[in-house]
Colleague: 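Pasting in a structure now, in structure tokens, and then I'll have a few things to ask.
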Amino acid sequence: MDSARLINVAIDPGRSLWLVEDNGIYEYTFLQDSISMEPARVIQAPRGLHTHVHRDYAENIWVTTLGEGVFLFKNPLLRPLTLPLEASLMDAYQHEALGVLLLTVEGELWAFQDGRYTLIRQVSFPVDQSTQILPGFNSDRLWVAANKTYLLDLKGPEYLLDAKSYFLLDDSSGFIFSKPRGGGFIPWQDTSSISEQLRIFNSDEGGEFFVQNRFVDNRINDGVLIQEDTVLIGYQKGLGYFFLGSQTWQHINNPRVTKEVNVIERLETARGKEWYFLGGDDLLMAFSSQGDTLNFSSTLLQGINLYSMALVADTLLWLGTDQGLYSYSVNLDSLSTQFLGSLSLLEGLSNQSVRDIELYGDSLWVKTDAGYAYGNVEKLLKSQEGQSPVPRVKKMWVNNILTPTTPDLALAAGVYNIRVAVAPMQVVNPGQLAFQYRLDSTEAWTSFNGSELQLFGLSAGTYSLEIRSLARKGQTSDSAHMFITIPAFWWQWPWLWGCMVLLVGLAIFRWLRNRNQRIKEKAQSEVKIAQMELTALKAQMNPHFIFNALSSIQRFILASDTLAANEYLTKYSRLTRMVLNPSDKTLVPLEDEVQLLENYIALECLRLSHRFTYEIKVDPALDPKRVELPALMLQIFVENAVWHGLSSLERPGQLLLSFSKEEHFLLVLLKDNGIGRKAAAERNPRRGTSRGSQLVSDRLAMLNETVYQNQASIKIVDLYDAEQQPAGTEVHLRLPLSVY
């Protein structure tokens, strides 16, 4: 403190003097008569920024700063114990009638009760930093372990036991003691003659006497009486039982307790259930008298020395360690625990090395290397609520350059590393608060260590940075919010890329359109060529039909049947007109084709003197005026059926022509009961395929390429009767429906 720079002085009337310095805030109570003494309390605040201190009626401390706002230090959970007359407290013990007995380094024994101090006596033996008060079987009898062990009778003299004891348990039948090389048991021969026995212990043979009464070869650290004559003892090799009546020892084989046990606490819950808490090397556990076990995470205590423990209201377990005062939330019903954190110096802890914890009435007393502090049990229980203060952004660095903090940070185009220093709006339990952040409201929260957030490689975009604090039990605060906007480089502009994509798309579209246009023009040329070929084929079919018709008329004239020849010639002229009119069309209406075929069949029937009958059927589902089919496609098959199948038939002939609809196809059936194709070929042998059939096949192939997309088909089926004799021919024509 000699090198500190004094900034301000603040006074709480009747209570404290505050020295505000550049390396902290020091509190001196008015019970201290000199500021040169050690302060009662030190508050670590932001270095060099605080200017004034005020404590309100709720014992909260307010610290004003330059440019950093106002800090609120909550009323601490622990309050330093200040003794009168500059005394230094070494150890304490709760007496049933006198309150808390306090032994000072000056050898003064004080009683503290109802906030008042009463001097009980001055002890004659020296007191040093290692002095401990070890309670005896009788409340007026105290054992004091210093460089030697003393028996202090509050109503009588002091007795010296010429040996240092690390642990001592006084019982009506004797006392258990601990020495560096082991522990022993000394039975009382007569409780009224303690002084005589202590004189024996103080003799030159005392050491040998202790060796003779040693029941364990390892140093005893702690122990509790669990039954009338049974003591549970923790020592360097674990746990064991010592039976007072038989003066025998039994080691406890427990797979979880294999190392040194430093502390044992016997705790009775509000429901009367006894629990035994054990602490030691990588060990923290508890078991009840009914056999229940309570386990704790040992990883949290690795490398930490555990000195003492205390259970507050069956729910809050405090651990005294060389790293501070740790706390656990304990549920003895569900056998579950939760680590809550540790108290900091801001909460009244005078030193991180906590040697002892004791519950005295409604107060928790904590002994550290720097003295005692005590706190109210109710406040300690409320501390579990873990209220989480809202964080604030203190400073911000952009690419290691200090930048003014603002809710909206707009940067130039680039890639940035941003460092943000945060602190809670009110300073509560520093070091126990965790911080979390996220860059988008849809993302999960991410924790970061300490009070600085590192954001690496932020590129173009708008970031919604949220930071919140997280309390010991998981409560979260409201978020501190700021926006970070980083524009893109010009080559990263979305609209630029959009224009480039649009231009490329337009180029591809134009290329495809030109390509498709060329393909379309080529296809149209091929269609025109195919149409010309179809027209040529049909032009060849018309003379074929005319030749056959004129041959029939010639037969009538040679037969001198003038009337029949005249009737036939009249029908022929009408049919010729129908054939020649659509000569420039590829497809004709079904109505026109049916009429043409009916006239042709009537002519053939007349020529053959009605030796066959015919029938033409049209499916009502078809509209004859709208359905189209190739012109003169069926005439060749009708001609073949009449000339080759029916004309040579000795029995009455039948010819059926039907048009039906099946899904999206037109089905044409031509059926005759003639002599069949095989017999007709035998009667009229010829070389190769007939000219008419070849023309139909070529024409259908051309139509499949140009109009029907290879969906049209034709099939000729020979019919047989039950005796497998030729019974006629069927022609099946399947065309995609063409509706205009």
Side-chain angles (χ1 to χ4, degrees), residues 537-538 540-556 558-559 561 564 568 571-572 575 579 593-594 596-617 630-659 667-701 712-734:
L537 285 172
K538 195 165 63 172
Q540 294 179 38
M541 292 178 66
N542 288 338
H544 179 269
F545 167 73
I546 294 172
F547 173 78
N548 288 337
L550 290 177
S551 297
S552 299
I553 295 173
Q554 185 181 21
R555 287 192 186 95
F556 282 116
L558 293 176
D561 191 351
Y568 193 92
K571 289 183 178 292
Y572 169 72
L575 180 60
V579 170
E593 188 69 11
V594 169
L596 184 146
L597 292 172
E598 187 174 8
N599 284 328
Y600 174 74
I601 295 172
L603 279 175
E604 296 292 7
C605 188
L606 178 63
R607 181 176 68 82
L608 295 178
S609 303
H610 301 285
R611 281 188 290 175
F612 71 91
T613 60
Y614 67 91
E615 181 181 9
I616 300 177
K617 296 180 179 180
L632 296 176
M633 177 69 75
L634 298 173
Q635 188 270 335
I636 295 297
F637 297 105
V638 173
E639 179 182 308
N640 289 337
V642 173
W643 283 57
H644 304 296
L646 298 176
S647 62
S648 303
L649 194 64
E650 297 178 355
R651 62 181 184 274
Q654 294 179 346
L655 182 66
L656 173 65
L657 179 61
S658 67
F659 300 87
L667 300 182
V668 181
L669 173 64
L670 176 63
K671 180 179 180 183
D672 67 76
N673 64 341
I675 62 174
R677 290 190 298 170
K678 183 177 181 181
E682 292 175 354
R683 291 192 178 195
N684 186 22
R686 65 176 70 182
R687 294 179 180 179
T689 307
S690 68
R691 180 62 178 163
S693 298
Q694 184 62 45
L695 289 173
V696 170
S697 298
D698 294 344
R699 188 180 180 197
L700 187 60
S713 63
I714 190 169
K715 182 173 66 173
I716 301 176
V717 180
D718 294 319
L719 302 178
Y720 297 91
D721 58 15
E723 298 176 357
Q724 295 300 311
Q725 296 299 319
T729 307
E730 281 187 356
V731 178
H732 298 267
L733 181 62
R734 188 171 184 265

Colleague: As an exercise, state the distance from CD1 of Ile636 to CG of Leu670, rounded to the nearest 0.5 Å.
Modeller: 12.0 Å

Colleague: Take Asp672 and Gln654, measure what side chain to side chain contact (heavy atoms under 4.5 Å, CB included) needs, and give me the verdict at the end.
Modeller: CA-CA 6 Å; Asp672 67 76; Gln654 294 179 346; over 6 Å; no

Colleague: Please test Lys617 against Leu656 for side chain to side chain contact (heavy atoms under 4.5 Å, CB included), starting from the C-alpha separation and ending with a verdict.
Modeller: CA-CA 8 Å; Lys617 296 180 179 180; Leu656 173 65; 4.2 Å; yes

Colleague: First locate atom CD of Gln635, then atom CD1 of Ile601, and finally report the distance between them rounded to the nearest 0.5 Å.
Modeller: 10.0 Å

Colleague: Taking Asp721 for the side chain and Ala727 for the main chain, is one N or O donor matched with an acceptor at less than 3.5 Å?
Modeller: no

Colleague: Closest approach of Ala680 and His644, non-hydrogen atoms and distance?
Modeller: CB-O, 3.4 Å

Colleague: With the side chain counted from C-beta on, respond yes when Leu719 and Lys671 share a heavy-atom pair under 4.5 Å apart, and no when they do not.
Modeller: yes

Colleague: Sequence neighbours left out, what passes side-chain contact (heavy atoms from CB on, under 4.5 Å) with Lys678? Give chain and number order.
Modeller: Glu682

Colleague: Are Leu603 and Asn599 packed together at the side-chain level, in the sense that at least one heavy-atom pair is separated by less than 4.5 angstrom?
Modeller: no

Colleague: Heavy atoms only: give me the nearest Ile675-Ala679 pair and the separation to one decimal.
Modeller: O-CB, 3.5 Å

Colleague: What's the separation between atom CD in Glu604 and atom CH2 in Trp643, rounded to the nearest 0.5 Å?
Modeller: 6.0 Å

Colleague: Mind checking what makes side-chain contact (heavy atoms from CB on, under 4.5 Å) contact with Ile714, not counting sequence neighbours?
Modeller: Phe637, Leu700, Val731, Leu733

Colleague: Using the side-chain contact (heavy atoms from CB on, under 4.5 Å) criterion, which residues pair with Leu667? Sequence neighbours excluded.
Modeller: Ser660, Glu662, Arg734

Colleague: Where do Asn673 and Phe612 land on the side chain to side chain contact (heavy atoms under 4.5 Å, CB included) test, with the steps shown first?
Modeller: CA-CA 10 Å; Asn673 64 341; Phe612 71 91; over 6 Å; no

Colleague: At their closest point, which heavy atom of Ala641 faces which heavy atom of Leu655, and how far apart are they?
Modeller: CB-CD1, 4.1 Å

Colleague: Heavy atoms, side chains only, cut-off 4.5 Å: are Asp718 and Arg677 in contact?
Modeller: yes

Colleague: Measuring only between side-chain heavy atoms, which start at C-beta, is Leu657 closer than 4.5 Å to Leu597?
Modeller: yes

Colleague: Are Leu646 and Arg611 side-chain neighbours, meaning at least one heavy-atom pair lies under 4.5 Å?
Modeller: no

